[in-house]
*Asks:* 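Sharing a structure, written as structure tokens. Questions coming.
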Amino acid sequence: MDFLTANDRDGAYPQSYYAATAPLLPPFPALKGERTADVCIVGAGFSGLSAAIHCAERGLSVVLLDAQRVGWGASGRNGGQAGSDQRSDQQTLEKLLGKDHARRLFELGLESIATVKDLIKRHNIDCQLKPGILLVDHKPDHTEYSRATVDHLNTHYNYDGMTFVDRDGVGDMIGTDIYYSAILDKAGAHLHPLRYALGLAKAAAATGVQIFERSRVTKINHGAKVRIETAQGSVTADHVLLACNGYIGDLEKTVSARVMPINNFIIATEPLPDDLARELIRDDVAVADSKFVVNYWRLSDDKRLLFGGRESYGYRFADDIKSYVRKPMLAIYPQLKDIRIDYGWGGTLAITRSRLPHFMRVAPNVLSVSGYAGHGVSLATLAGKLASEAIAGQAERFDTMATIPTSPFPGGKLLRWPALVAGMLWYGMRDRF
Ligand SMILES: Cc1cc2nc3c(=O)[nH]c(=O)nc-3n(C[C@H](O)[C@H](O)[C@H](O)COP(=O)(O)OP(=O)(O)OC[C@H]3O[C@@H](n4cnc5c(N)ncnc54)[C@H](O)[C@@H]3O)c2cc1C
């Protein structure tokens, strides 16, 4: 099954701002013939790359396969916002899972961003890492909840890495008065995601990981040793990790029943004059709003506004991404009406019903990690690390994630899509009213 959309090119990165500004690597070969390894990882995004590095550092032999190129999927195309949480606030997690489980998830959230920073530092990855994410409230009744969230973290977690920002403060920070309040995630960060992915790939190769590109896995043969097949080769491994996220298709049906693909889009303006760039984002933090279909933006290193938002479902992309995403950008920043849009692109990510990640033991020696919604920069990086621990026989932290309940999307294979689309359109409509 191929997932090439209007903005994709087979075996090449999409024409994004990121691909235009990253030091692309020479291609890795395609898998040919038969190989063996301790671990075979399918998918070379943040999940697979992080898992590969962490497994190799434990002395395991690793084969990493990607259907396209390293970082070709969502990892090389996203908003670059690296959060420090599980995408859900602690009050909600406590209600859903109990206080102990929620606390372990809180600690893993902090570890996810720490792992990103650690990998960047240890492997000297030049990916323009900058601190801070501002989470802005688009409705007045969100203000009290944001204040309570920060208080809750202070009081019950002794954590002061999130601070409350009032309406005037938000206006000063992001040059618009349409938002009511915000939380500043000081541990959160933003980065150039394709540079990060390519840096991880270089680090993985240097650690001894055998990487193969343009090697789509077509079949998994389960057993005490698992045999993975591609068009021209195979890998027999003791352990397999599926790290395909939104691009998994039908490769493993138990995963695809719980993890659905959706598409999201980003535009990049021309470089902005310094004073305009500072007016839009005073402190160079990343920004994301509280809408169901989130608007998110940040400045690139060369002072373009990278603005993301809007979604589509299935593998059908918007025909004119630049105009499609320019609309919500101008609703926030009308002062950009004469600014040129230089790039527009999209990518596919995966969501679960709970919007929390989906970690799964498909078989005793086959793991799957995916479903991070818009939180995969940090959480996918963490997922790879936790999968490597589980493969090495220490599954406790993997299980903390795997025991988050994630039920299948309703409707069975035929009706799953229409049900998802109807649900998403309904919530998207609520954003507008
Ligand atoms: C437009 C956009 C904006 C986003 N913004 C943010 C953001 O700001 N912050 C954030 O935290 N998250 C964001 N996300 C989500 C984030 O990018 C993902 O959650 C994360 O990159 C997932 O990483 P991954 O490695 O699991 O999957 P991917 O990076 O999608 O990698 C999966 C890989 O698997 C390969 N693959 C699939 N099937 C096969 C097969 N059968 N055989 C071999 N290889 C296969 C694919 O080719 C692909 O390279 C965004 C996503 C998009 C699309």
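Quick note: residue numbers are just sequence positions, from 1. Indexing begins at 1, ligand by ligand and atom by atom, following the structure's order.
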*Asks:* I'd like to know if the side chain of H101 pairs up with that of E94 as donor and acceptor (distance under 3.5 Å, no hydrogens or angles considered).
*Replies:*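 No, no side-chain donor-acceptor pair sits under 3.5 Å.
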
*Asks:* Tell me, with the steps shown, if E229 and N221 meet side-chain hydrogen bond (donor to acceptor under 3.5 Å, both in side chains).
*Replies:* CA-CA 8 Å; E229 295 176 21; N221 302 287; 2.8 Å; yes

*Asks:* If you take all heavy atoms of Q86 and G109, which pair is closest and at what distance?
*Replies:*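 Closest pair (atom of Q86, atom of G109, distance): NE2-N, 3.8 Å.
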
*Asks:* Report the part of A243 (side chain from C-beta onward, or backbone N, CA, C, O) that has a heavy atom under 4.0 Å from ligand 1; answer both or neither where that applies.
*Replies:*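 Within the 4.0 Å criterion, A243 contacts ligand 1 through backbone atoms alone.
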
*Asks:* Within the 4.0 Å heavy-atom shell around G80, which atoms of ligand 1 are there?
*Replies:*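 Result: 7 (C), 8 (O).
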
*Asks:* Ignoring hydrogens and geometry beyond distance, is a side-chain donor-acceptor pair present between S84 and D185 at under 3.5 Å?
*Replies:*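 Side chains of S84 and D185: pair found under 3.5 Å.
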
*Asks:* Indicate yes or no: does an N/O atom of A82 lie under 3.5 Å from an N/O atom of ligand 1?
*Replies:*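 Min N/O separation from ligand 1 is not below 3.5 Å for A82.
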
*Asks:* Between N264 and ligand 1, is there a nitrogen or oxygen pair with a distance under 3.5 Å?
*Replies:*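 No: no nitrogen or oxygen of N264 is under 3.5 Å from one in ligand 1.
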
*Asks:* Counting only nitrogen or oxygen atoms and a 3.5 angstrom limit, does S47 reach ligand 1?
*Replies:*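 It does: an N or O of S47 is found under 3.5 Å from an N or O of ligand 1.
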
*Asks:* Do R310 and Y324 form a cation-pi contact, if we require the NZ or CZ to be under 6.0 Å from the six-membered ring centre and within 45 degrees of the ring's axis?
*Replies:*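 Cation-pi check for R310 and Y324: passes.
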
*Asks:* Would you say ligand 1 has an N or O under 3.5 Å from any N or O of S378?
*Replies:*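 No, S378 has no N/O under 3.5 Å of an N/O on ligand 1.
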
*Asks:* What do you reckon, does V217 have a nitrogen or oxygen under 3.5 Å from a nitrogen or oxygen of ligand 1?
*Replies:*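 By distance alone, the answer is yes.
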
*Asks:* Check L31 against S215 and note the closest heavy-atom contact, atom names and distance.
*Replies:*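 Looking at all heavy atoms of both residues, the closest pair is N-OG, 2.9 Å.
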
*Asks:* Mind checking whether S215 contacts ligand 1 via backbone (N, CA, C, O), side chain (CB onward), both or neither, at a 4.0 Å heavy-atom cut-off?
*Replies:*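 The backbone, only.
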
*Asks:* Would you call R397-D399 a salt bridge at under 4.0 Å N-O?
*Replies:*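 Between D399 and R397 there is no salt bridge, as every charged N stays at least 4.0 Å from the carboxylate O atoms.
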
*Asks:* Check the side chains of Y18 and W345 for a donor-acceptor pair under 3.5 angstrom, ignoring hydrogens and angles.
*Replies:*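 Per modelled atom types, W345 and Y18 side chains form no pair under 3.5 Å.
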
*Asks:* Which atoms from ligand 1 have a heavy atom of C244 less than 4.0 Å away?
*Replies:*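 It comes down to these atoms of ligand 1: 32 (C), 34 (O), 37 (C), 38 (N), 39 (C).
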
*Asks:* Is G346 in contact with ligand 1, taking contact as a heavy-atom separation below 4.0 Å?
*Replies:*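 False for this residue.
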
*Asks:* Nearest to atom 3 (C) of ligand 1 by heavy atom, Y247, Y296, W345: which?
*Replies:*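 Looking at heavy atoms only, Y296 sits closest to atom 3 (C) of ligand 1.
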
*Asks:* Purely on distance, is any nitrogen or oxygen of A380 under 3.5 Å from one on ligand 1?
*Replies:*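 By distance alone, the answer is no.
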
*Asks:* Can you tell me which portion of V42 lies within the under-4.0 Å heavy-atom range of ligand 1? Options are side chain, backbone, both, or neither.
*Replies:*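 The side chain, only.
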
*Asks:* Heavy-atom distances under 4.0 Å decide this one: backbone, side chain, both or neither, for A373 against ligand 1?
*Replies:*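 For A373, the contact with ligand 1 is made by the backbone alone.
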
*Asks:* Does ligand 1 have a heavy atom under 4.0 Å from the side chain of Y372, from its backbone, from both, or from neither?
*Replies:*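 Y372 to ligand 1: side-chain contact only, backbone stays beyond 4.0 Å.
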
*Asks:* Is the ring pair W297/F307 parallel, tilted or perpendicular, if the boundaries are 30 and 60 degrees?
*Replies:*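 The arrangement is parallel - the two ring planes meet at less than 30°.
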
*Asks:* I want to know whether F106 and Y159 have ring centres closer than 6.0 Å.
*Replies:*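 Here the rings of Y159 and F106 have centres that are less than 6.0 Å from each other.
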
*Asks:* Does R77 count as lying over the ring of W72, i.e. NZ or CZ under 6.0 Å from the six-ring centre, within 45 degrees of the axis?
*Replies:*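 Relative to the ring axis of W72, which defines the angle, R77 lies inside both limits.
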
*Asks:* Is there a polar contact, in the sense of an N or O pair closer than 3.5 Å, between W72 and ligand 1?
*Replies:*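 No; the residue has no nitrogen or oxygen that sits under 3.5 Å from a nitrogen or oxygen of the ligand.
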
*Asks:* Please classify the V369 to ligand 1 contact at 4.0 Å (heavy-atom distances, strictly less than): side chain, backbone, both or neither.
*Replies:*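 Under 4.0 Å from ligand 1, V369 contributes no heavy atoms.
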
*Asks:* Considering all heavy atoms of both residues, which atom of I267 and which atom of M329 are nearest to each other, and what is their separation?
*Replies:*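 That would be CD1-SD, 4.0 Å.
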
*Asks:* Please determine if A44 has a nitrogen or oxygen closer than 3.5 Å to a nitrogen or oxygen of ligand 1.
*Replies:*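 Between A44 and ligand 1, no N or O pair is found under 3.5 Å apart.
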
*Asks:* Using distance alone, decide if ligand 1 has a nitrogen or oxygen within less than 3.5 Å of any nitrogen or oxygen in S75.
*Replies:*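 Such a contact does occur with ligand 1.
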
*Asks:* Which bit of L251 gets closer than 4.0 Å to ligand 1, counting heavy atoms only: side chain, backbone, both or neither?
*Replies:*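 The answer is the side chain of L251.
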
*Asks:* Hey, does G376 come in under 3.5 Å of ligand 1, counting only N/O atoms on both sides?
*Replies:*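 Yes, there is a polar N/O contact under 3.5 Å.
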
